[in-house]
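Okay, structure first, notes after.
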2 protein chains.
Amino acid sequence: MASASIQAYDIIKAEIISRRFRPGHRLVESDLTVLCDVSRTPVREALRRLVSEGLAEFSPNHGAQVADMAGEDLDALYELRTLIEGYAARRAATRITPAQIAELEMLADRMEELSAQQTVVPEEASANSRFHRIIIDAAKSSRLVSVSNLVVEAPLVLRTIEHYTPEERARSMQHHRELIAAFRARDSQWAEAVMISHIKAAFIAIGREVPNQKQV
Amino acid sequence: MASASIQAYDIIKAEIISRRFRPGHRLVESDLTVLCDVSRTPVREALRRLVSEGLAEFSPNHGAQVADMAGEDLDALYELRTLIEGYAARRAATRITPAQIAELEMLADRMEELSAQQTVVPEEASANSRFHRIIIDAAKSSRLVSVSNLVVEAPLVLRTIEHYTPEERARSMQHHRELIAAFRARDSQWAEAVMISHIKAAFIAIGREVPNQKQV
DNA sequence: CCCAAGCCTATCGTATACAATCATCTCTAA
DNA sequence: TTAGAGATGATTGTATACGATAGGCTTGGG
């Protein structure tokens, strides 16, 4: 069995990502003890971790609440994400292993199958997360992993792919294929360029949903 | 009075930065309770935070120990730091306030005074940290603050400026002056270029001290 | 009727006790 | 002599109790 604090972390994080806990929702420790079936100590550890990852906010003596990205500058966030993930793709291009490329391909296949359906199923979102995560890992930079968590995990609550038009969804699939091609060619510049396009496209979809954000 | 967990965090962090706790040193919770004069609970919170900031490492059921950068790829770390701080300088150039520029200037003055002495005093290091921190803040991107903590705080244990030759130290002062000039001119490209030079120069000094790291 | 002051409850912050785990050392047997 | 199993100690993981604090509600006065 996973440790209590891990369990609490996973449960609370799932509630936030799934938007069952809406932005601004107060994360009261005693409530979470019954939800997670552990005591307050591991709940607190989970909360502190979620805060450090940007999924929750914290005020002293007032506890944590689900992060509200509406208050944040989404423009700046996506600029940073473009920088980080572009860099990750650049490094990954010359370091990724054949096994990792194979897994990317498998995930791309699976996402294309799923995207044939009308509705977006959770599996498609998780496959997409995994796709990006493999690239981060392939960049072989331990700090980059923690850094990217900060800019990649938090935007998950925005649930980008649910907002894609059919055309945008198809383009996203194309980006995945093209990234794989760039990795096969071990071409850093190409991989970075595609990744930047990929993130920029996601930002546009978000921009439609979250108003009063300046676009680039 | 600062809260117990903040107090513990500050004390332990100071021990690590000052290298009184050497890399690899085990951070035993019960020992730290007597050092910080608080109970284990806030000590644990402080440790988890230090781990999340990369100043300590953690193994389940075995506790934390001071992060050992020798095991890490310094090349990758500084590449990332160049990327992040360069970006910060770029953004800051068009957003920094006159008051912030004035403070940068004051810090540059102070550092030059101090660098006239032979030995490096702690104040010089802290002024340097503050200088960089102001630029991060001036970039006006909340995520960037957490991200930069991850790549800026950790390398502090390497104590770069202590390893500078007189020539390098003078060059570092020049970089500070030139950064201020670039900010005055509100020139993003210039600011980013100077910052990249500044970080690269620091990396060379580190490279001499920590062997078997590949240089760029 | 509105405002302010003080109490009061909800909630967090900290300490401490107990349980679980891991590493090491010892003792035994092949 | 050495490998393995068991015991033992040190240390972390978790639960819970108590104290501190902040924000809301009530009550009294203007």
Side-chain angles (χ1 to χ4, degrees), chain A residues 1-16 20-68 70-71 142 146 149, chain B residues 1-16 20-68 71 142 146 149 154:
Chain A
M1 180 195 114
S3 81
S5 60
I6 307 267
Q7 179 182 333
Y9 172 80
D10 288 340
I11 292 175
I12 301 168
K13 180 173 172 181
E15 295 292 310
I16 295 174
R20 284 189 294 274
F21 285 171
R22 313 294 298 206
H25 180 250
R26 280 193 63 185
L27 297 165
V28 176
E29 293 171 4
S30 53
D31 295 351
L32 297 173
T33 59
V34 316
L35 174 69
C36 306
D37 194 35
V38 297
S39 81
R40 270 183 64 211
T41 309
V43 165
R44 279 176 67 88
E45 290 204 348
L47 287 179
R48 298 317 249 266
R49 188 171 158 199
L50 289 165
V51 167
S52 82
E53 289 174 357
L55 284 167
E57 291 159 352
F58 184 81
S59 342
N61 286 311
H62 192 251
Q65 51 184 67
V66 178
D68 190 358
S142 55
S146 350
N149 277 342
Chain B
M1 180 197 113
S3 80
S5 60
I6 307 269
Q7 179 182 333
Y9 171 80
D10 289 338
I11 292 175
I12 300 169
K13 181 173 172 182
E15 294 293 310
I16 295 175
R20 284 190 295 272
F21 285 172
R22 313 295 298 207
H25 181 247
R26 281 191 63 184
L27 298 164
V28 177
E29 294 172 4
S30 53
D31 294 351
L32 297 172
T33 59
V34 316
L35 174 68
C36 306
D37 194 35
V38 297
S39 82
R40 270 184 62 210
T41 309
V43 164
R44 280 176 68 87
E45 289 204 348
L47 286 179
R48 300 316 249 266
R49 189 170 158 203
L50 289 165
V51 167
S52 83
E53 288 174 358
L55 283 168
E57 291 159 353
F58 184 80
S59 345
N61 286 311
H62 192 250
Q65 50 184 68
V66 178
D68 189 358
S142 55
S146 351
N149 277 342

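By convention in this document, chain letters (A, B, ...) are assigned in the order of the sequence lines, proteins followed by strands, and residues within each chain are numbered from 1. These numbers were taken from a predicted model, which means no experiment stands behind them.
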- prompt: What is the distance from CD of B/Glu45 to C1' of D/dT12, rounded to the nearest Å?
  reply: 16 Å
task: Respond yes when some side-chain nitrogen or oxygen of B/Thr41 is under 4.0 Å from OP1 or OP2 of C/dT14, and no when none is.
output: no
message: Between P on C/dT14 and CD on A/Glu29, what's the gap in Å once rounded to a whole number?
response: 11 Å
- prompt: Side chains of A/Lys13 and A/Leu50: does their closest heavy-atom pair fall under 4.5 Å?
  reply: yes
- prompt: What is the nucleic acid contact for B/Ile6, judged by heavy atoms within less than 4.0 Å: base, sugar-phosphate only, or nothing?
  reply: nothing
query: Under 4.0 Å between a side-chain N/O of A/Ser30 and OP1 or OP2 of C/dA10, yes or no?
result: no
statement: From the candidates D/dT14, D/dT12, C/dG13, the one with an atom nearest any side-chain atom of A/Pro42 is D/dT14
message: Using whole Å, what does the distance between atom C1' of nucleotide C/dT24 and atom CG of B/Asn61 come to?
response: 16 Å
- request: Rounded to the nearest angstrom, tell me the gap between atom CZ in B/Arg44 and atom C1' in C/dT16.
  value: 14 Å
- request: Quick one: label B/Leu27 by what it contacts on the DNA or RNA (base, sugar-phosphate, nothing), any heavy atom closer than 4.0 Å.
  value: sugar-phosphate
Phosphate-side-chain proximity, B/Arg40 and C/dT14, N/O vs OP1/OP2 below 4.0 Å: no
- prompt: Given atom NE2 of B/His62 and atom C1' of D/dA10, what is their separation to the nearest angstrom?
  reply: 10 Å
